[in-house]
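Structure, as structure tokens:
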Amino acid sequence: MATGTTSAKPATGKGAGGGRAAGGGRRTGTSTGAANGRPTRRLVIVESGTKAKKIQQFLGRDYIVEASVGHIRDLPRGAADVPAKYKGESWARLGVDVDNQFAPLYIITPEKKGKVAELKDAVKSVDEILLATDPDREGEAIAWHLLDTLKPKIPVRRMVFHEISEPAIRAAVENLRDLDHDLVDAQETRRILDRLYGYEVSPVLWKKVMPRLSAGRVQSVATRIIVQRERERMAFVPASYWDIAALLDAGAEASPRQFPARLVGVDGTRVATGRDFGPDGQLKSARGKDAARALDEASARRLAEALEGRDLAVESVESKPYTRRPYPPFMTSTLQQEAGRKLRFSADRTMRSAQRLYENGYITYLRTDSTTLSDTAIQAARTQARELYGAEYVSPQPRQYTRKVKNAQEAHEAIRPAGETFRTPGEIAGEVDGDDFRLYELIWQRTVASQMADARGTTVSVRIAGTAATGEDVTFAASGRTITFPGFLKAYVETLDEGSDGQADDAESRLPELVKGQPLTAAELTPEGHTTNPPARYTEPSLVKALEDLGIGRPSTYASIIKTIQDRGYVWKKGQALVPSWIAFAVVGLLEHHFGRLIDYNFTAAMEDELDAIAQGTQHRTDWLSGFYFGADTGSEGSVARSGGLKKLVGVNLEEIDAREINSVPVFDDVVVRVGRYGPYLERVRDGVSQRANLPDDLPPDELTPEVAEQLFSVPQEGRSLGVDPVTGHEIVAKEGRYGPYVTEILPDTETPAETNGNGRKKAPAKPKPRTGSLFKSMTTESVTLEDALKLLSLPRLVGVDPESGEEITAQNGRYGPYLKKGSDSRSLANEEQLFTVTLDEALEIYKQPKQRGRRTAAATPPLRELGKDSATGKPMVIKDGRFGPYVTDGETNASLRKGDDVEKITDERASELLAERRAKAGTTTKKAPARKKAAPRKKADSKS
DNA sequence: CAGTGAGCGAGCTTCCGCTTGACTT
């Protein structure tokens, strides 16, 4: 089991594997080794290299502190990673033996082999090991993997801490515990579920939508959120409404003398504002106690006129205290959000900068879901606030922020300036610049502000009444906010999301002192029209927030989720906005219809609850996974285990899903967007004829309106125009087709053929077909010239007539490349140039040769390499280059070389192994899966008559 | 999404969460 091992830990997770840890001595602190009287030497293993260095300083010479640098083992990523021993297993593709209690197959992550060797070496020079990985589910699993991989013969114990400070580390060394196998079980179960989900559902997408697509518990929900928002935008009907903006005058004594107010009521009925309208453009609150009435333009103008010069009076003044508490210190998600809003950083850019700050000792750990500050950090923040703003700006009591967020694991502190005293941005300005400086400043401000006093002030709401000349009683409203003590707002104010209609916390608007009954006049009355807006698209920060609210994804993955959904082509960025592609619509549609439970927004939440039960020891991992994968009646409603049996679901869906239907996204009327192999296009049926139009890549789905569609349909199928054929006068274009790039001519419109009439289908008169020609391999649609195109369109070329048979010999370019054709007899040509140069004599010479069979073409190109004899058959083996790349053959069996195999370096043993594998596979999978037609060819007869 | 004549080796794509360093231009 040098490279691979199935889980040594039994499925129950109790006992074995960690036995030594469980039996580990209770020795703590600075005990001495009994044998030689020297102090006990201990190896401490943490996850991060930066942490290791820091902790080494606290612990001194008797300790060696090393980092695992994250996980050291994982399930194999693909076939290439599976050790030879397990290659033939039916479950090797998954890396999980689903029929044997879901036993996982772990391999040492290839790039971690060196690290594991280092750790093994370090073990030799110590008496005891302390596994000090992070105190959360993943950390517990890393600790177990370390134990299971290093297999030390010395005591092993678990060490935990939540902050990197000397007292915290010293305390941790004095309070060791044993490994928590139930918690490890929960992590493995999570890992296995994610693997089964991802590796079973993705292939469904490859077959039904497009290769290389992916589905997963996290990314599929992220994509769905974005698609769902776009659907809302597409369905949105804007509403327009009017009101009156007034500038009121309180007289020369008042300060300010004038202030803005807005019409809110007419004859006791509320005037509708934006939030009174639903997404369908209709008034939501037309009836009932809180009924509102929309004002149209004419009414608003008439009313404004009728109010001109009328007396108004203050009807009521309501004053309330305004207080704001500081925001909690940053954790990963809020840091990404605020850096996105304030600095316009992408999540990825924020994390790269934060990583540099962390590694250089400027901030604490950057991947955290905790807002907790250590005591020293709280003191440092308070000291700094006092020095900068004065004692009254510091909150009377130290503030600790406890989070109530789903699935938080709270292994670390909040993100804050490092150290026991904080360095101000000014102090580090000489050392740090650019992104890093700006991010540090943000973190510093937020941390200091979190220990400052509440902001205090007053908000005032005023109602003003009057009567129009036409008799209506009207009500205006005005509001003001004054901040009497800014408190923390002096240090930090959160920025609002784009498109939000809220008010920043430090925004002020002053009203004069007003009392009930006070007379006012209107200096200005301006009727104003407004239109409701569709919900805004997600941005990186707002998507991170949405995911966090759903408890989906972890601090270490938010940035990579955004990258993944972009890499897969599900989402693209337009400025800050995340726009879904049509492929995303197709994929999300498929998942919603056929794997509904899996992309339920609550799926992860349910999973987390049940993983907690596994961690508590009250739920059995195998039962639970079995329910998820094979299906079960047990488990409560909403349980992940009741998602219907993934395995069967995948099988059924592969049979039943109609790819054509899935890849057709209806947009409006009879217009559908079809997601094809070469990108999305529009389709509709007009007069029984299907029309198509290309869709520009950068057209956001919600901008595909009927008008835009009409315009796209009216544009002739595009292609790069190369010019006009001087002979025919037809335009020549280069296009990308189903079989690759080609050139064709555009024929002028001919008379529309007669339509179907009555009971019979009248045969349309034969339309002249445009000439077409595939590009040669050396050409691209970008570079091909008119001259090239005319040559291509001149094919097939008449080479001459066979004097013996009198048959014509032509040279043409076909599916398998250039060839000669004489009746039904064909011969391949060596290169494309010969299509134009081959003479009749040469052609006749070629026809004298017997038709080249497959074996002969191979013989024509010598093998890349000759090897020894196959250990199984004794036949000589050679490496050849084939359509799909290099392969090894013994003349009978052929086997492609795999990813890691090198033509030059491959050994006879390896070649024999590949052949043996191939034979084994041929034996078991002789059953030919009938190639399913992707979509039945469209026949006119199919359209319902 | 163009339409033209063989016979023959597919294998790979993909998940989520921990961590950064080691490649090449």
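Numbered from 1 within each chain, the chains take letters A, B, ... in sequence-line order. Treat the numbers as computed from the prediction; the structure is a model and nothing was measured.
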Spacing between [X] atom [atom1] and [N] atom [atom2], to the nearest angstrom:
| X | N | atom1 | atom2 | result |
| --- | --- | --- | --- | --- |
| A:Y681 | B:dA2 | OH | P | 10 Å |
| A:Y847 | B:dG5 | OH | C1' | 10 Å |
| A:M877 | B:dG9 | CE | P | 17 Å |
| A:D348 | B:dT20 | CG | C1' | 14 Å |
| A:Y106 | B:dC18 | OH | C1' | 13 Å |
| A:E66 | B:dT20 | CD | P | 14 Å |
| A:L914 | B:dA10 | CG | C1' | 13 Å |
| A:Q409 | B:dC18 | CD | C1' | 12 Å |

| field | Short side-chain N/O contact to B:dA2 OP1/OP2 from A:R692, under 4.0 Å | value | no
| request: Before accepting this row, confirm whether a basic side-chain N of the pair A:E913/A:K87 lies closer than 4.0 Å to the acidic partner's carboxylate O. | output: no
| request: Flag the pair A:D348 and A:K563 as a salt bridge only when some basic side-chain nitrogen lies within less than 4.0 angstrom of an acidic carboxylate oxygen. | output: no
| task | Using the aromatic ring of A:Y819 (for Trp, its six-membered ring), decide whether it stacks on the base of B:dG5 within the limits of 5.5 Å and 30°. | result | yes
| said: Whether the A:D870 and A:T873 side chains hold a donor-acceptor pair (N or O, under 3.5 Å, no angle test) is what I'd like checked. | reply: yes
| query | Do the side-chain N and O atoms of A:H71 and A:E47 include a donor-acceptor pair separated by under 3.5 angstrom? | reply | no
With heavy atoms under 4.0 Å as the rule, sort [X] into base, sugar-phosphate or nothing.
| X | answer |
| --- | --- |
| A:S48 | sugar-phosphate |
| A:Y358 | sugar-phosphate |
| A:D134 | sugar-phosphate |

| query | More than 12 heavy atoms of other residues, nucleotides or ligands under 6.0 Å from CZ of A:R77: is that the case? | reply | no
| field | Flag, side chain of A:S202 to backbone of A:A215, donor-acceptor distance under 3.5 Å | value | yes
| remark: Assign each of A:K821 and A:V743 the nucleotide of DNA chain B bearing its closest heavy atom; nearer the 5' end lies the nucleotide of A:V743
| query | Has the side chain of A:S828 got a donor or acceptor that lies under 3.5 Å from a partner of the other kind on the base of B:dA6? | reply | no
| field | Option from A:E608, A:E188, A:E410 for which salt bridge (Lys or Arg N to Asp or Glu O under 4.0 Å) with A:R137 holds | value | A:E608
| remark: 5' to 3', nucleotides 12-17 of chain B under a 4.0 Å protein heavy-atom cut-off (B base, S sugar-phosphate only, - none) gives SBBBBB
| field | Nearest listed nucleotide, side chain of A:T50, among B:dT20, B:dG5, B:dG9 | value | B:dT20
